[in-house]
Amino acid sequence: MTTSLSRNRDYRLLWAGQALSEAGASASTIALPLLVLLLTDSAAATGLVLGASAAAQLVVGLPAGALVDRWNRRTVMLVCEAVQALAVAVLVIGLWWDAIGVEHVVLVVIVLGVCRALSEPAEEAVLPAIVPERHLSDAVAMNAARGYLGQLSGTALGGVLFGLGRWLPFAVEAVTHVATFLSLLFIRVPPREREPAPFNRFHREIGEGLRWVWTQPVVRVVALCAVGLNLFFQAFYLLMIAIAHREGVPAGQIGIMGAMLGVGGILGALVAPRLHRTLRPHRAIVGVFWVITALIPLALFVDPGIPTGVLFAAAAFLAPTANTTITTYQLLLTPDELRGRLSSVMGVALGVAAIAGPAVGGVLVDFLTPAQAILTCAVGSGVLTVFATVNPTLRRFSREETVE
């Protein structure tokens, strides 16, 4: 962490607790498909189970943001960690006694998805309350590094633990949620001034969040561009994994190839605070688009496996800088009473892209040659890149607008 943030007790507790939670969640995420395959021997069932969590997050995403703005956000995070620990612990007990069916796994996955839909906007909304405005961009960048680090460590750990015992990855996740719960207990969050609102206004509050995003030109354009770029990159990511598998690349190398995306993200997050202060907002955002658009066609000329992983790492390197610029601007622009809804709207939009991207990639794999599929992703990314580059709203997005 940066020196200023390392002295912020509350942020240190939040960062460390969430890092543990994310590592535990990543450990079980890699173990879940293996568990479902073991229970059902069906790839289709595995896809449905994995989709249940994303579907739950999408369904409750918008209401969750409104609830986060109504309720005490620290309490929301505490309850979510406790519920997740309990849900995963029940799964561990069932696996220990060999009394778990796929329907139990689906139920646990849905509970976890709902909790994440609540806890993620709660954490983002509470960040400006515990981090001074001048350090907010550094905190956003360090949170991005935390996410990549948790994904890398958890994924590697989950595979090893599942080989030792199918209940072990989930036991680790349960323990990490308990540890996160304990860290949240000691975080001091300034109280918010909130007027009690009748529940019959709840649907209007959801609408207020949507209208806020739509009426902010920079937020609206960035959201549309980010959804499109995420869709094409997710499609490209799945496409390259499928190509590597078809060409007989060993599973271990494919795993390393995918993990290199996280390596690039971690390195990018470490330099993101400096790049955020150096680059103009428009350049910081558009730079990611140009880099990804330039890298996708290079997959035609490199071997699948580790060389493709290098492309993944390079593509991820500038993403934390753009994310720092965008998220800092959004948090400082948005009134505190709307921050949960802002986060949930953006989360739902990106969630749609995360689901649609692999689906598009699967279609491309089935109906096009590898070269045609790669070029399709490159063209789609290129169109979005040109749009983001010439868009007058983004071009006017100046350093002063970030309210730093």
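Residue pairs meeting the salt bridge (Lys or Arg N to Asp or Glu O under 4.0 Å) criterion with at least one partner in residues 122-131, sequence neighbours excluded, are E123-R146.
For the pair F162 and L168, the minimum side-chain heavy-atom distance is 4.5 Å or more. With contacts defined as side-chain heavy-atom distances shorter than 4.5 Å, the pair V108/V90 does not qualify. Annotation: side chain of L127 is in contact with side chain of N143 (closest heavy-atom distance under 4.5 Å). Considering only heavy atoms from C-beta on, M260 comes within 4.5 Å of V310 through its side chain. Counting heavy atoms from C-beta on, the side chains of N8 and P132 come closer than 4.5 Å. Side-chain contact between E103 and L107 is absent, with no heavy-atom pair separated by less than 4.5 Å. Using a 4.5 Å heavy-atom cutoff, the side chains of T389 and L394 are not in contact. Taking 4.5 Å as the limit, every side-chain heavy atom of F236 sits out of range of all side-chain heavy atoms of I292.
In summary, the side chains of T293 and S381 do present a donor paired with an acceptor at a separation below 3.5 Å, with no hydrogens or angles considered. For the 3.5 Å distance criterion, the side chains of H276 and T321 fail to qualify, holding no donor opposite an acceptor.
T176 contributes a side-chain N or O that, together with a main-chain N or O of E173, makes up a donor-acceptor pair within less than 3.5 Å. With hydrogens and angles disregarded, no donor-acceptor distance shorter than 3.5 Å links the side chain of R339 to the backbone of V126. Distance alone, capped at 3.5 Å, places no donor-acceptor pair between the D10 side chain and the V189 backbone. The closest donor-acceptor contact from the side chain of E81 to the backbone of L78 lies at 3.5 Å or more, if one exists at all. A donor-acceptor pair under 3.5 Å links the side-chain atoms of D69 to the main chain of R341, judged by distance alone. Looking at N391, its side chain never comes within 3.5 Å of a backbone N or O of F387 through a donor-acceptor pair. The main-chain N or O of Q18 is never found under 3.5 Å from a side-chain atom of S21 such that the two would form a donor-acceptor pair. Using modelled atom types, one side-chain atom of T308 and one backbone atom of D303 make a donor-acceptor pair closer than 3.5 Å. Remark: the backbone N or O of W214 is paired with a side-chain donor or acceptor of R220 at under 3.5 angstrom. In this structure, R166 contributes its side chain and L161 its backbone to no donor-acceptor pair below 3.5 Å.
Rounded to the nearest 0.5 angstrom, L91 CG and S28 OG are separated by 8.5 Å. A distance of 10.0 Å separates CG in L184 from SG in C80, rounded to the nearest 0.5 Å. Once rounded to the nearest 0.5 Å, the distance linking OH of Y11 with CE of M142 reads 6.0 Å. Summarising the geometry, atom CG belonging to L261 is positioned 11.5 Å from atom CG belonging to L311; distances are rounded to the nearest 0.5 Å. Distance CG/L95 to NE2/H104: 11.0 Å, rounded to 0.5 Å. The distance from the CG atom of L331 to the OG atom of S343 is 8.0 Å, given to the nearest 0.5 Å.
Residues A117 and V60 approach most closely at CB-CG2, 3.4 Å, considering heavy atoms. For G61 against S344, the heavy-atom pair with the smallest separation is O-CB, 3.1 Å. Scanning both residues, V88 and F170, for their nearest heavy atoms gives CG1-O, 2.9 Å. In terms of heavy atoms, V390 sits closest to R395 at O-CD, 3.7 Å. Nearest heavy atom pair, residue A322 against residue A284, reads CB-O, 3.6 Å. Nearest heavy atoms, S183 versus G17: OG-CA, 3.4 Å.
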Exercise for the section: Just do the side chain to side chain contact (heavy atoms under 4.5 Å, CB included) check on V218 and L333 with the steps written out, would you? Expected result: CA-CA 11 Å; V218 172; L333 173 74; over 6 Å; no
Exercise for the section: Any chance you could lay out the side chain to side chain contact (heavy atoms under 4.5 Å, CB included) test for V105 and I100, step after step, and finish with the verdict? Expected result: CA-CA 7 Å; V105 179; I100 283 291; 3.8 Å; yes
Exercise for the section: Start with the C-alpha distance between D138 and R274, add both sets of side-chain angles, then the distance that settles salt bridge (Lys or Arg N to Asp or Glu O under 4.0 Å), and finish with yes or no. Expected result: CA-CA 9 Å; D138 292 342; R274 177 172 295 181; over 6 Å; no
Exercise for the section: Step by step, work out the side chain to side chain contact (heavy atoms under 4.5 Å, CB included) result for M240 and F312. Expected result: CA-CA 10 Å; M240 296 313 299; F312 287 167; 3.8 Å; yes
Problem - Check against side chain to side chain contact (heavy atoms under 4.5 Å, CB included), V83 and L86 - result: CA-CA 5 Å; V83 171; L86 181 61; 5.7 Å; no
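Ring-plane geometry between W167 and W96 is classed as perpendicular, the angle between the planes exceeding 60 degrees on a 0 to 90 degree scale with a lower cut at 30.
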